Amino acid sequence: MSDALVHRADDDRIAVITLDSPANRNALSRRLIAELTDHLAQAGADESLHGILLLSSHPVFCAGADLKEAATVDMVESARGIIALQRAIVAAPVPVVTRLDGPVRAGGLGLVASSDIVVCADSVTVALTEVRLGLAAAVISIPLRARLSPRAASDWFLTGRSVSATEARDQGLVTHVAPADEMDAVVARVLDHLRAGARQGLVEAKRLLTTDLVAQFDSHGDEMARLSGLLFHSEVAQQRMAAALRR
């Protein structure tokens, strides 16, 4: 569909899934979450694939939660959708490679942390801005705490500061950092490595790497969704989100 927020095109055993919601900078609206989850499910059932590439059609990879929508919907249910989406990335049978050509904020970092390999342009910044809105990075804490050192997690979660691509790599969130004009080549190299593997090996290697994280989603996901919804519906968060939208 031409008005879809997420598109899929295949390239030699790689499913290329593209976020395409420029009006809200790929914010995690219910519709985008549903479309992306559906594409991941379809790709997971495709036994011809050796990998999935996730990227954005425009400069911002993901702006986090859709603040406009957050004022009108049940955010516990929305948070459950984000938990399910992250789990789908982690549990996908083949590796998920995420390409970051532009900034990522708040909830978008859950997609990044859930991915197996992340290739990031050196100009990109990331930030967990939730605390500045009276929120906490609850639903995305499950994959982020699996990637980051405890000290880095404390720093990022509590300060909300902007973090460079190099620091994100050094702290475990990002795999490769490259200049913008080398991103195509670096991503192509990663995908060629996946194509060179036998699918059976890729599937079993990924299962070994992700079993514990899938279990964390299953044991703590609903608790984090309820906490996230409670915070989103709080008076202080509603006031701060409204102020952010006015700006």
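Side chains included, hydrogens not; waters and symmetry mates left out as well; all remaining heavy atoms used. Keep in mind that what you see is a predicted model, and the values were worked out from it rather than measured.
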Search all heavy atoms of [X] against all heavy atoms of [Y] and return the closest pair with its distance.
X    : Y    : value
G81  : I33  : O-CG2, 3.6 Å
L144 : L173 : CD2-CD1, 3.9 Å
L5   : S29  : CD1-OG, 4.1 Å
S114 : Q86  : OG-CB, 3.4 Å
L28  : G108 : CD1-N, 4.1 Å
M241 : L67  : SD-CD2, 3.6 Å

Flag, side chain of [X] to backbone of [Y], donor-acceptor distance under 3.5 Å:
X    : Y    : value
R87  : D218 : no
S78  : M75  : no
K68  : L245 : no
S228 : A225 : no
T37  : A34  : no
R147 : A113 : yes
H39  : V6   : yes
D11  : I14  : no
R240 : R132 : yes
K206 : V94  : yes

Calculate, to the nearest 0.5 Å, the distance between atoms [atom1] and [atom2] belonging to [X] and [Y] respectively.
X    : Y    : atom1 : atom2 : value
S21  : R25  : OG    : CZ    : 11.0 Å
I142 : E223 : CD1   : CD    : 8.5 Å
M183 : D101 : CE    : CG    : 4.5 Å
L55  : I17  : CG    : CD1   : 9.5 Å
S141 : H220 : OG    : NE2   : 9.5 Å

Verify the distance criterion only: is there a donor paired with an acceptor across the side chains of [X] and [Y] at less than 3.5 Å?
X    : Y    : result
R105 : T125 : yes
E167 : Q171 : no
S56  : N26  : yes
Q42  : D38  : yes
D20  : T18  : no

Mind checking whether [X] and [Y] have side chains closer than 4.5 Å, heavy atoms only?
X    : Y    : answer
I117 : T98  : no
D46  : R8   : yes
L133 : F232 : no
V131 : L158 : no
L54  : R99  : no
F61  : V112 : yes

Quiz item: Which of these passes side-chain contact (heavy atoms from CB on, under 4.5 Å) with H50: L202, D12, L191?
Solution: L202
Presence of salt bridge, [Y] and [X], under 4.0 angstrom:
X    : Y    : value
E47  : R13  : no
D66  : R30  : no
R195 : D192 : yes
D155 : R151 : no
D74  : R80  : no
D122 : R169 : no

